[in-house]
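Following: one structure in structure tokens, then a few remarks.
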Amino acid sequence: IPRGTAQRLFPDAEETVLYIRAVPGQRERARDEARALLRQLRGLRPGAEDDFNLSTADQIIAQFDRLSAVIGLVTLALAAVSLVMVIACANVANLLLARATVREREMVVRAAVGAARSRLVRQLLTESVVLAAASAICGIALAQLGVWTLAALAPADLPRVDDIRVDGLVLVFALIIALVASIIFG
């Protein structure tokens, strides 16, 4: 695509990708010509530092390999975290069932004393929502800690590592799911 057309089609693009096919033995010359052309297009003065990168196919393939390895590790971590989440959910469900059986006598006594059924349901729902909210807050804190840890452990040359973050929409979705689950199963 001609540069002018690319700028019209993608006005917010921060990168210009230029593919050069050179005859073997002439690659260094083609690289120097591309560097000179890019310096001219960017209005760089002689002696000024380049504000762009030129990458060879081998460098791009190596970067893709590093990225593939990181994606594999992230996928493995996601599977491990998912398994831990399933185990934690099963444990919490068992604890709630055990608590319900222990509190059955308490609920019978409260009902016999005159507590309305709606009051008992409201109390149990309140307890479930508080438990879900506390759990969601702990989960969000652990998610943020995990993101910071992954970003700190990421290779220095991993592209866009600074863009790794906990997404706000995902947090809102998680909070809503936690509250709905506590209301339904509370």
Side-chain angles (χ1 to χ4, degrees), residues 6 9-17 53 55 59-186:
L9 291 174
F10 310 106
D12 297 331
E14 296 179 10
E15 295 181 14
T16 300
V17 179
N53 288 328
S55 300
Q59 290 169 328
I60 292 170
I61 290 170
Q63 187 176 26
F64 179 78
D65 289 343
R66 285 191 302 273
L67 199 58
S68 296
V70 169
I71 289 172
L73 289 174
V74 169
T75 303
L76 183 64
L78 181 65
V81 167
S82 297
L83 182 63
V84 169
M85 282 296 291
V86 167
I87 292 169
C89 288
N91 284 338
V92 170
N94 279 335
L95 288 173
L96 290 175
L97 285 172
R99 185 181 76 167
T101 56
V102 169
R103 294 188 71 189
E104 183 178 5
R105 182 174 175 176
E106 173 192 347
M107 293 300 143
V108 169
V109 169
R110 284 183 178 212
V113 171
R117 183 179 177 101
S118 62
R119 175 108 169 102
L120 296 174
V121 169
R122 192 169 51 240
Q123 176 189 351
L124 293 174
L125 282 177
T126 302
E127 290 174 3
S128 293
V129 168
V130 168
L131 178 65
S135 300
I137 289 169
C138 289
I140 290 168
L142 283 173
Q144 186 61 53
L145 182 66
V147 166
W148 288 338
T149 303
L150 284 176
L153 295 176
D157 58 348
L158 184 67
R160 301 183 65 185
V161 73
D162 295 332
D163 292 340
I164 299 173
R165 61 184 169 74
V166 176
D167 187 53
L169 287 174
V170 172
L171 290 180
V172 170
F173 178 75
L175 285 173
I176 289 171
I177 291 296
L179 291 176
V180 168
S182 69
I183 290 169
I184 290 173
F185 300 109

| Taking only residues two or more places apart in sequence, or in another chain, which ones meet I140 in a side chain to side chain contact (heavy atoms under 4.5 Å, CB included)? | L171, L175
| Qualifying residues under side chain to side chain contact (heavy atoms under 4.5 Å, CB included), relative to L131, sequence neighbours excluded | L96, S135
| query | Can you list every pair that meets salt bridge (Lys or Arg N to Asp or Glu O under 4.0 Å) and has a residue in residues 84-98, with sequence neighbours left out? | reply | none
| For V74, all residues meeting side chain to side chain contact (heavy atoms under 4.5 Å, CB included), sequence neighbours excluded | V70
| said: Surrounding CG of L97 (heavy atoms of other residues, nucleotides or ligands, distance under 6.0 Å), is the total greater than 12? | reply: yes
| query | Under the side chain to side chain donor-acceptor pair (under 3.5 Å) rule, what pairs show up with a residue in residues 66-91, not counting sequence neighbours? | reply | R66-D157
| What pairs meet the salt bridge (Lys or Arg N to Asp or Glu O under 4.0 Å) rule with one or both residues in residues 168-177, with sequence neighbours excluded? | none
| Sequence neighbours excluded, which residues qualify as salt bridge (Lys or Arg N to Asp or Glu O under 4.0 Å) partners of R165? | D167
| message | Restricting to side chain to side chain contact (heavy atoms under 4.5 Å, CB included), what partner residues turn up for V129, sequence neighbours left out? | response | L179, S182, I183
| query | Which pairs count as salt bridge (Lys or Arg N to Asp or Glu O under 4.0 Å) when at least one residue sits in residues 114-128, sequence neighbours excluded? | reply | R99-E127, R103-E127
| task | Taking all non-hydrogen atoms of both residues into account, name the closest pair between A178 and A132 and its distance. | result | O-CB, 3.6 Å
Donor-acceptor pairs under 3.5 Å, side chain of residues 143-153 to any protein atom, not counting sequence neighbours: which ones?
residue : atom : partner : partner atom : Å
T149    : OG1  : L145    : O            : 2.8

| query | Are there more than 12 heavy atoms of other residues, nucleotides or ligands under 6.0 Å from atom CD of E104? | reply | no
